[in-house]
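The figures that follow rest on heavy atoms only: side chains count, while hydrogens, waters and symmetry mates do not. Read the numbers this way: they start at 1 and go in the same order the structure lists the ligands and their atoms.
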Amino acid sequence: MPQQLTIGLFGFGSVGSGIYHLLKKKSIPEIKLKTIVVKNPDKPRSIPSEHFSYQPEAILEDSAINVVLELIDDADAAYSIVKKALHDKKHVITANKKMLAEHFEELVHLAQQQGVSLLYEASVCGSIPVIRTLEESFGYDPLTSLKAISNGTSNYVLTRLFQNPQPFEEIITDAQKHGFAESDPTLDIDGWDSKFKLIISNYHAFGALNTPKDILKVGIRHVKPEDIEFAKEKNFSIKLIGHSKLVDGKLEAYVAPQFIPASEAITNIAFENNAVEINADFAHQQVLQGKGAGSIPTASAVLSDLTSLLRNYAYPYSKANQKHAIKFDSERLIKVYISSYDREDLQPFQFNTEILCGTQKHLQYKIGTLSIKSLKEQVKDLRSEVFIAVFAD
Ligand code: HSE
C-alpha cells in the first residue's frame with residue numbers, strides 16, 4: 001500500500017518553486033506539502049509570505065513530516081539539514097550535488113542504517129533519469145565507460161560561442177536569467193559542478209567512490225574564439241565532459257573540455273541540454289539526453305523521486321554491492337591541447353611526449369600527451385589564462 005507522504009520543503013529557488021508548482025498542478029492525494037522553510041523573509045517570491053516559515057525546526061521538529069525536500073543552495077547548511085532529517089528517520093530527497101559529493105559515503109550509510117530513503121535524481125543532469133536508470137537498467141550490466149555533458153550552463157556557453165564570438169560574461173548573465181547557472185557560476189564554468197555529478201554517477205555506474213579532491217577538473221573559463229575556430233576547422237565540437245572509462249579493471253575519471261568529432265551524437269547536444277553516453281558490456285552504447293537544468297525540468301526529477309517513495313523505493317546500489325572494488329587509475333596518458341595568447345604561459349607545461357606546436361591567428365597552442373595525474377598536478381595552482389582540452393578517445 002502506498003504510504004502517505006507529508007513533505008517539508010527547504011528552499012523556494014528555481015527547483016523549490018518548481019516542485020511547489022508541479023505538486024499544485026498534479027495534486028496527488030497521497031502527497032501533501034505541509035511546510036516550506038526559506039531563509040530570507042524579505043526576498044520577493046511568487047507566492048504570498050504566509051506560505052513560508054523561517055526556522056528549520058518548523059520541519060525538522062515536526063514528527064508529522066516524513067519527507068524532507070532539501071532544495072537550498074548552501075551545501076553546508078544542506079548537510080546539517082539532511083543529517084538531522086536522516087537521523088530522525090525522515091526520507092530525504094535532495095538536488096544538492098556538492099553536498100552529496102562531499103559527504104556521499106556518510107549520508108548513504110546513514111540512510112541505510114536508519115532504514116529511510118535518500119534519493120537524488122535531480123542532482124545529476126536535471127530532468128534526465130540517470131541514477132535510477134543506472135541502478136535499475138544497468139545494475140548487472142558491466143559498464144566500460146560513461147561520458148556526460150552534465151553542466152547545462154557550460155554547454156549553453158559553448159553552444160553560444162560556437163554560434164558566434166560574443167562576450168563570455170554576457171552569456172553567463174543570460175544563463176543566470178534562465179535559472180541554469182549556480183548563484184556562484186564559477187561552480188559551473190570551472191568544472192566543479194560536473195565533478196560533483198561525476199562522483200555521484202560513478203558510484204551508481206561502476207560502484208566506484210571518489211572524493212572531490214581526488215578528481216582532475218579543468219573548466220571552460222579561458223576558451224577563446226581561436227580555440228573554437230581550431231575546433232571547427234578540425235570538425236570537432238568542444239564539450240565540457242565528465243569522463244570515466246574502465247580499462248583492465250581500473251577506472252580513469254576526470255572533468256575537462258573535450259574535442260569531440262562532429263559525427264558523434266553528443267556533439268549535437270546544445271544549450272542547457274545534457275547527455276549521458278554509456279557503453280555497457282551487454283546493452284552496448286546508449287545515450288540519455290534531455291534538459292539538464294531549469295526550474296520545471298529539474299523539479300520533474302524531484303517529483304519522480306517523490307512518486308517512487310510511494311512505492312518505498314531506495315537505491316539498491318547494485319554496483320557498489322558487487323564486492324570487486326574498482327581502483328582508480330590516474331597514470332593513463334591522455335592527449336591534451338593547451339593554448340594561450342602568451343607563449344610564456346605554455347612554457348611551464350611538461351608533456352610526456354610533445355606532438356605539435358602551432359598558432360591560430362594570435363593564439364599559441366601545444367599538443368602532447370601526459371598522464372591524468374600529471375595534468376592534475378600542473379593545473380593545481382594555475383594562474384595564467386590557459387585553455388586546456390582533451391582529445392576524446
Ligand atoms: N548549474 C547547473 C547546470 C544546474 O548548469 O547544469 C543544474 O544542476
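Summarising the local packing, NZ of Lys43 is surrounded by 12 or fewer heavy atoms from other residues, nucleotides or ligands at distances under 6.0 Å.
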Donor-acceptor pairs under 3.5 angstrom involving side-chain atoms of residues 251-258: please list them, not counting sequence neighbours.
unit_1: Glu252; atom_1: OE1; unit_2: Arg332; atom_2: NH1; d: 2.4
unit_1: Glu252; atom_1: OE2; unit_2: His243; atom_2: NE2; d: 2.7
unit_1: Tyr254; atom_1: OH; unit_2: Gln258; atom_2: NE2; d: 3.0
unit_1: Gln258; atom_1: OE1; unit_2: Lys147; atom_2: NZ; d: 3.4
unit_1: Gln258; atom_1: NE2; unit_2: His243; atom_2: ND1; d: 3.2

Check each N or O atom of ligand 1 against all protein N or O atoms and list the pairs under 3.5 Å, with atom names and distances to 0.1 Å, one per line.
unit_1: ligand 1; atom_1: 1 (N); unit_2: Phe180; atom_2: O; d: 2.7
unit_1: ligand 1; atom_1: 1 (N); unit_2: Glu182; atom_2: OE2; d: 2.6
unit_1: ligand 1; atom_1: 1 (N); unit_2: Asp188; atom_2: OD1; d: 2.7
unit_1: ligand 1; atom_1: 5 (O); unit_2: Asn151; atom_2: ND2; d: 3.4
unit_1: ligand 1; atom_1: 5 (O); unit_2: Gly152; atom_2: N; d: 3.3
unit_1: ligand 1; atom_1: 5 (O); unit_2: Thr153; atom_2: N; d: 2.9
unit_1: ligand 1; atom_1: 5 (O); unit_2: Thr153; atom_2: OG1; d: 2.6
unit_1: ligand 1; atom_1: 5 (O); unit_2: Phe180; atom_2: O; d: 3.2
unit_1: ligand 1; atom_1: 5 (O); unit_2: Asp188; atom_2: OD1; d: 3.4
unit_1: ligand 1; atom_1: 6 (O); unit_2: Gly152; atom_2: N; d: 2.7
unit_1: ligand 1; atom_1: 6 (O); unit_2: Lys197; atom_2: NZ; d: 3.3
unit_1: ligand 1; atom_1: 8 (O); unit_2: Lys97; atom_2: NZ; d: 2.6
unit_1: ligand 1; atom_1: 8 (O); unit_2: Lys197; atom_2: NZ; d: 2.9

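For Leu86 against Ser117, the heavy-atom pair with the smallest separation is CD2-O, 4.5 Å.
Applying the ring pair (Phe, Tyr, Trp, His ring centres under 6.0 Å) definition to pairs two or more places apart or across chains, those involving residues 347-388 are Phe230-Tyr365, Tyr337-Tyr365. Listed by first then second residue, pairs satisfying ring pair (Phe, Tyr, Trp, His ring centres under 6.0 Å) with a partner in residues 53-80 read Tyr79-His103, not counting sequence neighbours.
Salt bridge present: Glu182 and Lys97 bring a charged side-chain N and a carboxylate O closer than 4.0 Å.
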